[in-house]
Undergrad: 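Okay, here's the structure, questions in a sec.
Start at 1 and go down the list; that is how both ligands and their atoms are numbered.
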Amino acid sequence: MKKTDKYTVVIQGWDLMSYFSDTRDVCWFLEPELANAIKALHGAIGNAVTEERYIVVGTGSSQLCQAALFALSSLSEVQPVNIVAAVPFYSTYVEEASYLQSNLYKWEGDARTFDKKGPYIEMVTSPNNPEGTMREPVVNRTEGGKVIHDFAYYWPHYTPITRREDHDLMLFTFSKITGHAGSRIGWALVKDIEVAKKMVHYLTINSIGVSKESQTRATTILNELTKTCRNKSESFFEYGYEKMKSRWERLREIVESGDTFTLPNYPQAFCNFFGKTISTTPAFAWLGCKEERDLGSLLKEKNVLARGGDRFGSDKKYVRISMLSRDHDFHVFLQRLATIKDLK
Ligand code: PMP
């Protein structure tokens, strides 16, 4: 709200009417300015390699995740391809991998207990949703495996940036950088042109590309983030980090003052972007209950809504709490949590 001018986008009524953006690009509906803005931001933050990569834009990274499942499995010689993720995993992967009942792939659940023969795709979310830990693949096989790295939260306001990630298929989203989830803009950085082409094929059938208005708005905002990221008083990432840090401190204070709840502890690490050692301040809190109780239902009785741990392939004694609500809502949440001393 304070930064109205530079982040405002005006689009003429006659502009951006075509399906096409750049017919020479593998991703022909990607606006070249957005591609440049994405590369510039990753370059400035130092969180991912964009050189020698194809950028595929999607209607959120949700669409790209499905495009990637389609691409990797349709290029596999054996189908259906097993899809796995280590528990606790982002609950939407289950739906994304199951709801079409595709013959190309099949949701197989926890990657740690996966022992089926044949090709597989492992979803690796780092930092992880729901519990904020940095993750690596866990299925340890020399062949037959592909990995989709979901880096939705690999930004300095959530976690120390320790290296430029350099994997075959990496997903990012505008939604979790600034919170512009409604623009529905995500992107994939893809090494293999055949995989990129198949993803574009999926997107072509699914939605014939991605809204140009959204791409234009994302371009303006991402460029502004890049331009200001080294200016302490202007940087969105400085602001975001301070906001997350103070919310986590307040939450920990309440949790530690009682004997009811648990929270994960995160190791500190040197953040290449901030140039100092910081701790992880994830977008979600993985709140646990010291007793064996259904924490989601208990909190609901106290007017606190959270997604239950069972939705993430884990236990009902855990819930996932969003740390990204508006200040007022977060404050009310803390107030309610502070009143819950005894879960009877
Ligand atoms: N991946 C992860 C790990 C997420 O948490 C989310 C949003 N909750 C997404 C992908 C999807 O984001 P979007 O479709 O808005 O880009």
Side-chain angles (χ1 to χ4, degrees), residues 27 30 34 37-38 41-42 47-48 55-70 83-99 107 111 121-137 147-155 157-159 165 167 169-190 199 202-203 206-207 209-211 213-215 217-219 221-222 225 240 244 280-286 305-309 311-314 318-325:
C27 188
L30 166 64
L34 177 59
I38 288 168
L41 183 62
H42 284 303
N47 60 346
I55 300 180
V56 182
V57 66
T59 299
S61 61
S62 303
Q63 191 187 30
L64 289 166
C65 182
Q66 292 163 77
L69 295 180
F70 168 78
I83 301 175
V84 295
V87 165
F89 43 69
Y90 171 44
S91 51
T92 307
Y93 296 148
V94 185
E95 285 128 37
E96 286 172 352
S98 334
Y99 86 125
W107 175 252
I121 300 169
E122 181 173 352
M123 299 297 310
V124 175
T125 318
S126 186
N128 194 33
N129 174 356
E131 80 331 358
T133 54
M134 295 306 286
R135 287 208 160 174
E136 305 277 346
V147 179
I148 299 174
H149 280 90
D150 186 339
F151 286 127
Y153 303 96
Y154 191 48
W155 295 98
H157 44 325
Y158 300 127
T159 198
E165 296 291 354
H167 303 281
L169 207 169
M170 305 187 277
L171 302 180
F172 287 90
T173 169
F174 190 30
S175 306
K176 311 297 171 176
I177 306 177
T178 50
H180 286 83
S183 292
R184 310 303 306 124
I185 290 291
W187 58 93
L189 303 177
V190 186
M199 289 178 71
Y202 176 95
L203 285 145
N206 193 248
S207 53
V210 175
S211 159
E213 284 85 350
S214 287
Q215 292 192 53
R217 186 170 188 216
T219 302
I221 294 173
L222 295 183
L225 296 185
M244 297 305 293
T280 303
T281 49
F284 297 104
W286 189 234
L305 293 180
R307 201 176 284 187
R311 295 276 306 278
F312 304 89
S314 183
Y318 295 101
V319 295
R320 188 195 74 170
I321 304 263
S322 172
M323 297 294 283
L324 304 180
S325 52

Undergrad: Ring-plane angle category for F89 and W107, please: parallel below 30°, perpendicular beyond 60°, tilted otherwise.
TA: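 It falls in the perpendicular class, over 60°.
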Undergrad: Side chain of H157, backbone of I177: donor and acceptor closer than 3.5 Å?
TA: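 A pair under 3.5 Å: yes.
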Undergrad: Y93 versus ligand 1: do any nitrogen or oxygen atoms come within less than 3.5 Å of each other?
TA: no
Undergrad: Applying a strict 4.0 Å limit to heavy atoms, is F174 in contact with ligand 1?
TA: no
Undergrad: Any heavy atom of G60 sitting closer than 4.0 Å to ligand 1?
TA: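 Yes; G60 lies near enough to ligand 1 that a heavy-atom distance drops under 4.0 Å.
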Undergrad: Among protein heavy atoms, which lies nearest atom 6 (C) of ligand 1, and at what distance?
TA: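 Checking every protein heavy atom, the shortest distance to atom 6 (C) of ligand 1 gives Y90 OH, 3.3 Å.
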Undergrad: Provide, to 0.1 Å, the distance between atom 12 (O) of ligand 1 and the closest protein heavy atom, together with that atom's residue and name.
TA: S61 OG, 3.4 Å
Undergrad: Using distance alone, with no hydrogens and no angle criterion, decide if T125 and Y153 have a side-chain donor and acceptor under 3.5 Å apart.
TA: no
Undergrad: Which of the atoms of ligand 1 are close to Y153, meaning less than 4.0 Å from one of its heavy atoms?
TA: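 Going through ligand 1 atom by atom, the ones under 4.0 Å from Y153 are 3 (C), 4 (C), 5 (O), 8 (N).
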Undergrad: How about Y90 and N128: does a side-chain donor come under 3.5 Å of a side-chain acceptor?
TA: no
Undergrad: Of all the non-hydrogen atoms in the protein, which one sits nearest to atom 14 (O) of ligand 1, and at what distance?
TA: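 Result for atom 14 (O) of ligand 1: S62 OG, 2.5 Å.
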Undergrad: Check ligand 1 against K176 and write out every atom of the ligand that is under 4.0 Å from a heavy-atom position of the residue.
TA: 6 (C), 7 (C), 8 (N)
Undergrad: List ligand 1 atoms under 4.0 Å from T125, heavy atoms only on the residue side.
TA: 3 (C)
Undergrad: Please say whether D150 places an N or O atom under 3.5 Å from an N or O atom belonging to ligand 1.
TA: yes
Undergrad: Could you tell me whether ligand 1 has any atom less than 4.0 Å away from a heavy atom of Q63?
TA: no
Undergrad: Is the closest side-chain heavy-atom distance between Y202 and L69 below 4.5 Å?
TA: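 A side-chain contact under 4.5 Å is absent here.
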Undergrad: Quick one: which ligand 1 atoms are inside 4.0 Å of a heavy atom on S175?
TA: 13 (P), 15 (O), 16 (O)
Undergrad: Hey, are the side chains of V84 and M123 touching, using non-hydrogen atoms and a 4.5 Å cut-off?
TA: no
Undergrad: Would you say N129 and R320 make side-chain contact, with heavy atoms under 4.5 Å?
TA: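 Answer yes - side chains close enough.
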Undergrad: Looking at R184, which atoms of ligand 1 are within less than 4.0 Å of one of its heavy atoms?
TA: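 So the atoms of ligand 1 that pass are 13 (P), 14 (O), 15 (O).
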Undergrad: Using atom types as modelled and distance alone, determine if a side-chain donor or acceptor of S211 lies under 3.5 Å from a backbone N or O of E213.
TA: yes
Undergrad: Is it the case that the side chains of N206 and Q63 hold a donor-acceptor pair, with the cut-off being a distance below 3.5 Å and no angle test?
TA: yes
